[in-house]
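These numbers come from the heavy atoms of this one structure, side chains and all, not from hydrogens, waters or symmetry mates.
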Amino acid sequence: MTDATAPASPASYVSGGALYRLVWKWHFLASLYVLPFMAMLALTGGIYLYKPQIENWLYADYMHVEQTGAALPLEIQVDVLREAHGITRLRGITQYDDPTRSTKIEYNDADKIRSYAWVNPYSGEVLGTVARDEMPMRMLRKFHGELLLGKTGTKFVELAAHWSIVMFITGAYLWWPRGKRTLSQAVAPPKGGPSKGRSWCRETHLFTGFLAVILVTPILVSGLPWTDVWGGGLSQIQKATGQNSQSMRFRGAPKSTSDSGVTIAYEDVFAIAREEGLKAPYEMRPPRKANSAYWIRSASTNRNDQTELVIDRYSGDILKRLDFQDNPAVAKTVSYGISFHQGELYGLTNLIQNTVAAILALLLSVTGFVAWWKRRPAGSLGVPNAPDAALSPAMIALVVVLSILFPLVGASLIVALILDWAILRRLR
């Protein structure tokens, strides 16, 4: 992207102060698209970090019960739910090694709406039901990942995530001390307050950006496996190289050794999981066909505890066991990254770290907008001027590498170059 503000020899390369202005222009144009999304992602992601605590508050009356004797068989609890609300498909049952927790049942109701129910295991009372897609945290997650616009929305979010990385790279270059600005000054918090006007806002933006590069960039990268284009490409590479997850939840589970007989009770499946050393909570999926098997896993937030079992529905034999460590290296790395992204990888420290990162990203968006608003000339977009000179081979290589690593960056860069040539330069 260039602006013809001064004549330059075609053989000359942009460098020094000219390079600074060119990088500033790239940073500015990336920020125009990124900052609104970054504010949204920071706000929604920061709230979603506390999903367990929020849902424990929202559904406290459903989740917690008083122990009043022996628990009813799970089949009876499911039958009570079936009679009260209808079950067209039983999807799963979650249990805790806690006598004060209710039984959580996932099912399709009479209208085939995917739902959750909580049942008192002692009385059989259905404490409450909710459609999965109407749960506030579920809706927040969908907005965070796709703006509630499905596949179209997720590509806008992914594009913003890709350009955020470009924005951080260019922002780090702009932050780097030069001239009379020392490193100690660059890493020092801004002095004064908002009354200092544009200078304070600029210094706050630089300081916040410096911290955000350290704390927010890993969160952006760890979220990429969820995306359509980048994540889909990674998934294909994993499959081709045998580095994909070996989870049997959706595929690869062995069948029961027979297609007839007496199906073992749900309690037996949970008992087998305990005997095999699985950690609570336990998530069980019942067989759907005569020759299918039970699938059960530890739903612990500790990835290393997430063992899966496939159990013969008639004999109770363990057909297959998968420990997390049995997964290939890339699959484990992706899984650890997701755990980090959700603030679960190393407990409270990870949660606090990601909370601070979300606050930084939100503050970075606000200060970036305010700094631009105060700097821009009246009636103008305020795009920084940049010299009309060729990029050095190193800069070209960087652009090519970023375009390969992040395909949406390459595609959108072409569009941006066209807009810059056709519109922005002519506006000035």
*Asks:* Taking NZ, NE, NH1 and NH2 as the nitrogens, is one of them in R321 or E276 under 4.0 Å from a carboxylate oxygen of the other?
*Replies:*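 Between E276 and R321 there is a salt bridge, with a charged N closer than 4.0 Å to a carboxylate O.
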
*Asks:* I'd like to know if the side chain of S300 pairs up with that of N302 as donor and acceptor (distance under 3.5 Å, no hydrogens or angles considered).
*Replies:* no

*Asks:* Does any part of the side chain of R297, heavy atoms only, come nearer than 4.5 Å to the side chain of L309, both counted from C-beta?
*Replies:* no

*Asks:* Taking the cut-offs as 6.0 angstrom to the six-membered ring centre and 45 degrees off its axis, would you call R91 and Y107 a cation-pi pair?
*Replies:*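 Cation-pi check for R91 and Y107: fails.
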
*Asks:* How are the rings of Y20 and W24 set relative to one another: parallel (under 30°), tilted (30 to 60°) or perpendicular (over 60°)?
*Replies:* tilted

*Asks:* Please determine, by modelled atom types, if D305 and S298 share a side-chain donor-acceptor pair under 3.5 angstrom.
*Replies:* no

*Asks:* With side-chain contact (heavy atoms from CB on, under 4.5 Å) as the test, would you mind laying out the steps for V119 and S102 before giving the verdict?
*Replies:* CA-CA 6 Å; V119 178; S102 59; over 6 Å; no

*Asks:* Taking the ring centre of each residue, are Y173 and W176 less than 6.0 Å apart?
*Replies:*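 Between W176 and Y173, which both carry aromatic rings, the centre distance is not below 6.0 Å.
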
*Asks:* Can you name the closest pair of heavy atoms from A117 and T129 and give their distance?
*Replies:* CB-CG2, 3.7 Å

*Asks:* Is it the case that the side chains of S256 and R313 hold a donor-acceptor pair, with the cut-off being a distance below 3.5 Å and no angle test?
*Replies:* no

*Asks:* Report yes or no: does N327 contribute a side-chain atom to a donor-acceptor pair with the main-chain N or O of Q246 at less than 3.5 Å?
*Replies:*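 Yes, because the side chain of N327 sits within donor-acceptor range (under 3.5 Å) of the backbone of Q246.
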
*Asks:* Using a 3.5 Å distance criterion without hydrogens, assess whether the side chain of T154 forms a donor-acceptor pair with backbone atoms of K151.
*Replies:*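 Flag not set: sc T154 to bb K151 has no pair under 3.5 Å.
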
*Asks:* Would you compute the distance between atom NZ of K142 and atom OG1 of T44 and round it to the nearest 0.5 angstrom?
*Replies:*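 Reported value, rounded in 0.5 Å steps: 13.5 Å.
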
*Asks:* Any side-chain to backbone donor/acceptor pair from S31 onto L35? Under 3.5 Å, distance only.
*Replies:* no

*Asks:* With no hydrogens and no angle check, is any side-chain donor or acceptor of N354 less than 3.5 Å from a backbone partner on F340?
*Replies:* yes

*Asks:* In sequence, state the C-alpha distance, the side-chain angles, and the governing distance for R249 and E283, and then conclude on salt bridge (charged side-chain N to carboxylate O under 4.0 Å, His left out).
*Replies:* CA-CA 11 Å; R249 179 172 180 175; E283 179 187 354; 3.3 Å; yes

*Asks:* Measuring from W200:CH2 to T367:OG1, what's the distance to the nearest 0.5 Å?
*Replies:* 8.0 Å

*Asks:* Holding to ring pair (Phe, Tyr, Trp, His ring centres under 6.0 Å), I want the full list of residues that pass it with Y266, two or more places apart in sequence or in another chain.
*Replies:* none

*Asks:* With a 4.5 Å cut-off on side-chain heavy atoms, are E106 and R285 touching?
*Replies:* yes

*Asks:* Spell out, as yes or no, whether a donor-acceptor pair under 3.5 Å connects the side chain of E308 to the backbone of M248.
*Replies:*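 Yes; judged by distance alone, with no hydrogens or angles, the pair exists.
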
*Asks:* Can you list the residues that meet the ring pair (Phe, Tyr, Trp, His ring centres under 6.0 Å) rule with Y33, with sequence neighbours excluded?
*Replies:* F37

*Asks:* Which heavy atom of T170 sits nearest a heavy atom of W26, and at what distance?
*Replies:*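 Taking T170 first and W26 second, the nearest heavy atoms are CG2-CB, 4.4 Å.
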
*Asks:* Ring centroid separation for Y336 and F324, is it under 6.0 angstrom?
*Replies:*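 Yes; F324 has its ring centre under 6.0 Å from that of Y336.
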
*Asks:* Return the set of residues passing side-chain contact (heavy atoms from CB on, under 4.5 Å) with I54 (not counting sequence neighbours), or none when no residue passes.
*Replies:*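 side-chain contact (heavy atoms from CB on, under 4.5 Å) list for I54, sorted by chain: I47, Y50, L58, M137.
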
*Asks:* I'd like to check F28 versus L32 (side-chain heavy atoms, cut-off strictly below 4.5 Å). Are they in contact?
*Replies:* yes

*Asks:* Determine the minimum heavy-atom distance between A293 and P254, stating which atoms define it.
*Replies:* CB-O, 3.8 Å

*Asks:* Can you find a heavy atom in the side chain of L206 that is under 4.5 Å from one in the side chain of R181?
*Replies:* yes

*Asks:* When you measure from the side chain of Q306 to the backbone of A299, do you find a donor-acceptor pair of N or O atoms at a distance under 3.5 Å?
*Replies:* no

*Asks:* Give the intermediate values and the outcome of salt bridge (charged side-chain N to carboxylate O under 4.0 Å, His left out) for residues K289 and D259.
*Replies:* CA-CA 8 Å; K289 298 178 181 179; D259 59 4; over 6 Å; no

*Asks:* Side chains of S247 and S245 only: does a donor on one sit below 3.5 Å from an acceptor on the other?
*Replies:* no

*Asks:* Can a donor-acceptor pair be found between the side chains of N350 and E344 at a distance below 3.5 Å?
*Replies:* no

*Asks:* If we ignore hydrogens and angles and just use 3.5 Å, is the side chain of D111 paired with the main-chain N or O of I113 as donor and acceptor?
*Replies:*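 Checking the backbone N and O of I113 against the side chain of D111, no donor-acceptor pair under 3.5 Å is found.
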
*Asks:* What class does the angle between the rings of F406 and H162 fall in, given that below 30° is parallel, 30 to 60° is tilted and above 60° is perpendicular?
*Replies:* tilted

*Asks:* Kindly give the heavy-atom pair with the smallest separation between L360 and A212, and that separation in Å.
*Replies:*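 Closest heavy-atom pair between L360 and A212: CD1-N, 4.3 Å.
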
*Asks:* Can you see which heavy atom on G153 is nearest to which on L147, and at what distance?
*Replies:* O-CD1, 4.2 Å

*Asks:* Could you tell me if the side chain of V157 sits less than 4.5 Å from the side chain of T227, heavy atoms only?
*Replies:*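 With C-beta onward as the side chain, the pair stays apart.
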
*Asks:* If you look at every heavy atom in S115 and D109, which pair is closest and at what distance?
*Replies:*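 Closest heavy-atom pair between S115 and D109: OG-OD2, 3.9 Å.
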
*Asks:* Between S235 and G232 (side chain of the first, backbone of the second, donor and acceptor by atom type, cut-off under 3.5 Å), is there such a pair?
*Replies:* no

*Asks:* Donor-acceptor pair, distance only, cut-off 3.5 Å: does the side chain of S335 make one with the backbone of A331?
*Replies:*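 No, the answer is negative, given that no donor and acceptor are paired below the 3.5 Å cut-off.
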
*Asks:* Is any side-chain heavy atom of I87 closer than 4.5 Å to a side-chain heavy atom of L81?
*Replies:* yes

*Asks:* With a 4.0 Å cut-off on N to O distance, would you call K104 and E55 a salt bridge?
*Replies:* no

*Asks:* State, without any angle test, whether W118 and T103 hold a side-chain donor-acceptor pair at a distance under 3.5 Å.
*Replies:* no

*Asks:* Could you tell me whether the side chains of T257 and D312 share a donor-acceptor contact shorter than 3.5 Å?
*Replies:* yes

*Asks:* Report yes if the side chains of L364 and H205 come closer than 4.5 Å at any heavy-atom pair, otherwise no.
*Replies:*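 They are in contact (side-chain heavy atoms under 4.5 Å apart), so the answer is yes.
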
*Asks:* For the backbone of I219 and the side chain of S222, can you confirm whether one donor and one acceptor N or O come within less than 3.5 Å of each other?
*Replies:* yes

